Visitor: 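Have a look at this one.
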Amino acid sequence: MEIIIKPTVAEAQQETAKIMRRQIQRKPETVLGLATGSTPIGVYSLLVGMHEKGELDFSKVSTFNLDEYVGLDAKHPWSYRAFMEAHLFGKVNIEKSRIHFPDGMATDIPAHCANYEADIRRAGGIDLQLLGIGREGHIGFNEPSSSLASRTRIKTLTPQTVKDNARFFGGEELVPRHVITMGVGTIMETRHCLLLATGEGKAEAVARMAEGAITADLPASILQMHPVCTLVVDAAAAKELKRCEYYHWVYDNKPDWQRV
Ligand code: F6R
């Protein structure tokens, strides 16, 4: 795992956006896996800026989002689909037909999840998956105790995630209890995982994920087994990492051709 520590949130977001820009510039028909939540908002805004400057063309890009709340339709203002429309899709030249999302209103959820997996395969697999991390170590909404081989399916949120996401809904009681999420196994099949974590609240999960034992108790820890995983953190989220000096050393000595 490559661990990049940037002093500020803004610099961590910039590094992440640059990695995504490089991917799309190298392969215009890139298949992106995308995350929602507070963490990627700044990254999406940087990507929109790059698009406006003519540096990024999304016309051939396809996307698959990680997750959606069960019971919210795409037009619901709190749905993740609406979130993506507001922060990215509505602001760049992405083709609507290339946007893929779990359907929170699916009547046959298992069949819908199997189709989502099939759509990912048909698109040729995900080239670059943007991830955030929950305080308890979830990726997507694969909460602690999720099978590390899981596929896209329905999951029940933990009380901590409900609490953390209440800010988007205006109260814990309004947060749906269920989500459809790509599985840990689904995420592990993507060619490059790019996880951005910022703020002190993520420090413990980040340290356990990168330096702790691989365990379903912290699903993100499986990323230690991913052949191409980049973790970008700001100084606050890096606070509990033991080998910070070494990670800085590796970054500072990176060959030029590996830099973004
Ligand atoms: C959302 C997702 C989640 C979030 C995580 C962190 O699509 O996949 O795993 O990345 O809950 O959320 P924030 O960024 O709001 O702290």
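Both ligands and their constituent atoms are indexed starting at 1 by order of listing. Here the structure is a predicted model, which is why all the values come from computation and not from measurement.
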Visitor: Are a donor atom and an acceptor atom from the side chains of Glu117 and Thr186 found within less than 3.5 Å of each other?
Guide: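 Indeed, the side chains of Glu117 and Thr186 share at least one donor-acceptor pair under 3.5 Å.
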Visitor: Are Tyr69 and Phe169 an aromatic pair by the rule of ring centers under 6.0 Å?
Guide: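 Judged by ring-centre distance (under 6.0 Å), Tyr69 and Phe169 do meet the cut-off.
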Visitor: Determine whether a donor-acceptor pair (N or O, by modelled atom type, separation under 3.5 Å) exists between the side chain of His87 and the backbone of Thr36.
Guide: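 Absent.
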Visitor: Checking Arg122 against Asn115: is there a side-chain donor and acceptor pair closer than 3.5 Å?
Guide: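 No, no side-chain donor-acceptor contact under 3.5 Å.
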Visitor: Nearest protein heavy-atom contact for atom 10 (O) of ligand 1: which residue, which atom, what distance?
Guide: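 The closest heavy atom on the protein side is Gly132 CA, 3.3 Å.
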Visitor: Should we count CD of Gln258 as having more than 12 external heavy atoms under 6.0 Å?
Guide: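 Correct, the count exceeds 12.
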Visitor: Please check if the side chain of Glu2 supplies one atom and the backbone of Tyr251 the other of a donor-acceptor pair under 3.5 Å.
Guide: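 It does not hold such a pair.
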Visitor: Looking only at protein heavy atoms, which one is nearest to atom 1 (C) of ligand 1, and what is the separation?
Guide: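 The closest one turns out to be Thr36 OG1, 3.2 Å.
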Visitor: Using a 4.0 Å heavy-atom cut-off, say whether Thr161 meets ligand 1 through its side chain, its backbone, both or neither.
Guide: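 Looking at Thr161 and ligand 1, no heavy atom falls under 4.0 Å.
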Visitor: Which heavy atom of the protein is the closest neighbour of atom 5 (C) of ligand 1, given with residue, atom name and distance?
Guide: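 Ranking protein heavy atoms by distance from atom 5 (C) of ligand 1, first comes His138 NE2, 3.3 Å.
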Visitor: Run the numbers for me: atoms of ligand 1, each under 4.0 Å from some heavy atom of Leu66, listed by number.
Guide: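 Atoms satisfying the 4.0 Å criterion: 8 (O).
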Visitor: Is it true that Leu131 and Tyr44 fall in one hydrophobic cluster, defined by side-chain heavy atoms closer than 4.5 Å?
Guide: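 No.
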Visitor: What residue and atom, counting heavy atoms only, is the protein's closest point to atom 6 (C) of ligand 1, and at what distance?
Guide: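 Looking only at protein heavy atoms, the one closest to atom 6 (C) of ligand 1 is Ile133 O, 3.4 Å.
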Visitor: Of all the non-hydrogen atoms in the protein, which one sits nearest to atom 2 (C) of ligand 1, and at what distance?
Guide: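 It is Asp67 OD2, 3.4 Å.
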Visitor: Can you list the atoms of ligand 1 that are under 4.0 Å from a heavy atom of Lys202?
Guide: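 Numbered from 1, ligand 1 contributes 6 (C), 13 (P), 16 (O).
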Visitor: Just to check, does Arg167 reach to within less than 4.0 Å of ligand 1 when the distance is taken from its heavy atoms?
Guide: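 Yes.
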Visitor: May I ask you to decide if Leu32's main-chain N or O and Thr30's side chain share a donor-acceptor pair within less than 3.5 Å?
Guide: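 Flag not set: sc Thr30 to bb Leu32 has no pair under 3.5 Å.
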Visitor: Just to confirm my output: which protein heavy-atom neighbour is closest to atom 14 (O) of ligand 1, and how far is it?
Guide: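 Of every protein heavy atom, Thr39 OG1, 2.4 Å lies nearest to atom 14 (O) of ligand 1.
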Visitor: Could you check atom 9 (O) of ligand 1 against the protein and tell me its nearest heavy-atom contact, residue, atom and distance included?
Guide: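 Protein heavy atom with the smallest distance to atom 9 (O) of ligand 1: Gly140 O, 2.7 Å.
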